[in-house]
Amino acid sequence: MKVMVFDVGGTGIKYSVMDEQLNRTDTGSTPTPADSQEHFLNTLREIYLPHKDEVDGIALSLPGFIDAEQGVVRGGGAPSLAYNVGTPVGPRLAEACGCRVWIENDGKAAAIAELERGVLKGCRNAAVFIIGTGVGGGLIIDGKLVRGRDCTAGEYSFMNTNADAWSDPAKSVACQCSTSGLLSDYRARKGLPADAPMDGRIFFEAVHAGETEANETLRSFCRAVAVQIYNLNVLLDLEKVAIGGGISKQPLLLESLRSAYDGLYASRAGQAYMEGLPRCQIVPCAFSSEANQVGVAAAYFEAMQKKC
């Protein structure tokens, strides 16, 4: 059995054909349509049609509060995506393509991939922290993915980072711990316009070149992420936190993040209430930026087997 896999982001859609061993072929990408739901669904359909005779259906990973069983987006999601609260994306896509469709939140898809075949295999409590346009993720509790009553478990982007600035949208994990936030801070430190062309490759080239502003930005960013990992660990007693997203491929990011995390404990060394507080391991996702595709494909195959 094979499945057509789509990983929808705020700016681009990655796709591939995947078999039950999770081998990927016919990979590609295209910009994410943001003008209408019809354009969005038609784009997926046009990519699917050349493969319809070789695949069993479609597995779709996308941002938002996803009711996987019903195929409905309950809320959240990237502002640029052309669907609203309550949109039955799964049924609409199934109707447009004439095949079975399974949809999954992107962060939860990554968590499924890492739990079943990646760095979180065998973990009791763990988390995936996906750094992208926003911040997605998934929580593993007692060896199982947690979805929550309203499908919002693991939506880190919505966490506030400063109780004294509750109404300031910039004081959120989405703004402070995302690639978008990292690049925005770098532009500000460099005195560049807010819309100046910038991406992770340019930023890390500056870091490796020893540029002061770039290294200061990286240290500040990693501390912000480390604080959130600390908070998650205090709440859930995690064994591992797996870092994903495009910039997770940069070894220096993980090195800096681990250093910032250790620094949180070192700065309070000797304080009695910190005694005995465990630390989690910070590791890169095994599937890196392909985790969403691997996870939603695995979820599709499992769901279809249950229905047979």
**Prompt:** Quick one: ring pair (Phe, Tyr, Trp, His ring centres under 6.0 Å) partners of Tyr156, sequence neighbours excluded?
**Reply:** Phe129
**Prompt:** Quick one: do the His51 and Glu54 side chains pair a donor with an acceptor below 3.5 Å?
**Reply:** yes
**Message:** I need the minimum non-hydrogen distance between Val3 and Ala297, along with the two atoms involved.
**Reply:** CG1-CB, 4.2 Å
**Prompt:** When clusters are formed by joining ILVMFWY residues with side-chain heavy atoms under 4.5 Å apart, either directly or through shared neighbours, do Val241 and Leu252 land in the same one?
**Reply:** yes
**Request:** Using the rule that two of Ile, Leu, Val, Met, Phe, Trp, Tyr join whenever any of their side-chain heavy atoms come within less than 4.5 Å, decide whether Val119 and Ile282 are in one cluster.
**Result:** no
**Request:** Ignoring hydrogens and angles, tell me if any N or O in the side chain of Arg24 forms a donor-acceptor pair with the backbone of Ser16 under 3.5 Å.
**Result:** no
**Request:** Measure up the Tyr261 and Tyr265 rings against each other and bin them: parallel (under 30°), tilted (30 to 60°), perpendicular (over 60°).
**Result:** perpendicular
**Asked** Is there side-chain contact between Thr30 and Phe6, with heavy atoms separated by less than 4.5 Å?
**Response** no
**Asked** Looking only at heavy atoms, what is the nearest atom pair of Arg258 and Pro284, with distance?
**Response** NH2-CD, 3.8 Å
**Request:** Would you give the length of the straight line joining atom CD of Gln228 to atom CE of Met159, rounded to the nearest 0.5 angstrom?
**Result:** 4.5 Å
**Message:** Between Leu183 and Ile243, is there shared hydrophobic-cluster membership here, with clusters defined by ILVMFWY side-chain heavy atoms closer than 4.5 Å?
**Reply:** yes
**Request:** Keeping the roles fixed (side chain from Lys240, backbone from Val283), state whether a donor-acceptor pair exists under 3.5 Å.
**Result:** no
**Prompt:** What do the steps show when you test Val173 against Thr161 for side chain to side chain contact (heavy atoms under 4.5 Å, CB included), and what is the final call?
**Reply:** CA-CA 6 Å; Val173 170; Thr161 60; 3.9 Å; yes
**Message:** Could you measure the distance from the CD1 atom of Ile47 to the CZ atom of Arg45? Nearest 0.5 Å is fine.
**Reply:** 12.5 Å
**Request:** Taking all heavy atoms of Gly138 and all of Ala111, pick out the closest pair and write down the distance.
**Result:** CA-CB, 3.8 Å
**Prompt:** Less than 4.5 Å apart, any side-chain heavy atom of Glu69 and any of Trp102?
**Reply:** yes
**Asked** Looking at Cys151 and Lys108, what are the two nearest heavy atoms and their distance?
**Response** O-NZ, 3.6 Å
**Item:** Under the ring pair (Phe, Tyr, Trp, His ring centres under 6.0 Å) test, residues paired with Phe203 that sit two or more places apart
**Value:** Tyr186
**Request:** Group every Ile, Leu, Val, Met, Phe, Trp and Tyr by side-chain heavy-atom contacts under 4.5 Å, then state whether Leu145 and Leu232 land in the same group.
**Result:** no
**Complete:** For Val296 and Ala109 the tightest heavy-atom approach is N-CB, 3.8 Å
**Asked** Rounded to the nearest 0.5 Å, how far apart are NZ of Lys52 and OH of Tyr48?
**Response** 7.0 Å
**Request:** Mind running side chain to side chain contact (heavy atoms under 4.5 Å, CB included) on Ile140 and Val146 for me, showing each step along the way?
**Result:** CA-CA 6 Å; Ile140 309 301; Val146 177; over 6 Å; no
**Prompt:** With the 4.5 Å side-chain cut-off for hydrophobic clustering, are Val72 and Tyr300 part of the same group?
**Reply:** no
**Asked** So which pairs with a foot in residues 86-98 pass salt bridge (Lys or Arg N to Asp or Glu O under 4.0 Å), sequence neighbours left out?
**Response** none
**Straight-line distance of Ile58 CD1 to Leu93 CG, nearest 0.5 Å** = 4.0 Å
**Request:** Return yes if some donor-acceptor pair links the side-chain N/O of Asn233 with the main-chain N/O of Leu238 below 3.5 Å, else return no.
**Result:** yes
**Item:** Under 3.5 Å: donor-acceptor pair, side chain of Ser178, backbone of Ala174
**Value:** yes
**Prompt:** Taking C-beta and beyond as the side chain, do Leu192 and Met198 meet within less than 4.5 Å on heavy atoms?
**Reply:** yes
**Item:** Separation of Leu120 CG from Gln281 CD (nearest 0.5 Å)
**Value:** 10.5 Å
**Message:** I'd like to know whether Gln250 forms a side chain to side chain contact (heavy atoms under 4.5 Å, CB included) with His208, so could you lay out the CA-CA distance, the side-chain angles of the two residues, the decisive distance to 0.1 Å, and finally the verdict.
**Reply:** CA-CA 11 Å; Gln250 293 282 343; His208 287 293; 3.7 Å; yes
**Message:** Before you tell me yes or no, could you show the steps for Val128 and Cys285 under side chain to side chain contact (heavy atoms under 4.5 Å, CB included), namely the whole-Å CA-CA distance, both residues' side-chain angles and the distance that decides it to 0.1 Å?
**Reply:** CA-CA 8 Å; Val128 168; Cys285 283; 4.2 Å; yes
**Request:** Indicate yes or no: at least one non-hydrogen side-chain atom of Phe287 is less than 4.5 angstrom from one of Arg117.
**Result:** yes
**Message:** Would you say that Ile229 contacts Leu257 through its side chain, given a criterion of any heavy-atom pair below 4.5 Å between the two side chains?
**Reply:** yes
**Asked** Under 3.5 Å, side chain of Asp199 to main-chain N/O of Arg201, donor-acceptor pair present?
**Response** yes
**Asked** Is the side chain of Asn125 donor-acceptor paired with the backbone N or O of Leu236 at a distance under 3.5 Å, no angle test?
**Response** yes
**Complete:** side-chain contact (heavy atoms from CB on, under 4.5 Å) test vs Asp106 passes for just one of Asn292, Ile130, Val8, Leu62, namely Asn292
**Item:** Side-chain (Ser172) to main-chain (Phe158) donor-acceptor, under 3.5 angstrom
**Value:** no
**Message:** Using a 3.5 Å distance criterion without hydrogens, assess whether the side chain of Asn23 forms a donor-acceptor pair with backbone atoms of Asp19.
**Reply:** no
**Asked** Does any non-hydrogen side-chain atom of Glu104 lie less than 4.5 Å from one of Arg147?
**Response** yes
**Request:** Measure the spacing between NZ of Lys2 and CD of Gln21 and express it to the nearest 0.5 Å.
**Result:** 10.5 Å
For residues 218-226, run the donor-acceptor check on the side chains, cut-off 3.5 Å, and write out each pair with its distance to 0.1 Å, sequence neighbours left out.
none

**Prompt:** Is a side-chain donor or acceptor of Glu239 paired with a backbone partner of Ala126 at a separation under 3.5 angstrom?
**Reply:** no
**Asked** Any side-chain heavy atom of Val17 within less than 4.5 Å of one from Val5?
**Response** no
**Message:** Once side chain to side chain donor-acceptor pair (under 3.5 Å) is applied, what residue pairs with a partner in residues 127-144 remain, sequence neighbours excluded?
**Reply:** Arg124-Asp142
**Item:** Donor-acceptor pair, side chain of Arg74 and main chain of Asp67, under 3.5 angstrom
**Value:** no
**Request:** Could you name each residue pair satisfying salt bridge (Lys or Arg N to Asp or Glu O under 4.0 Å) that touches residues 186-197, not counting sequence neighbours?
**Result:** Asp185-Arg189, Arg189-Glu216, Lys190-Glu211
**Request:** Please report the shortest heavy-atom distance between Ala153 and Gly148, naming the atom on each side.
**Result:** CB-N, 4.1 Å
**Message:** Is there a side-chain contact between Leu44 and Cys97 in this structure, where contact means two heavy atoms from C-beta onward sitting under 4.5 Å apart?
**Reply:** no
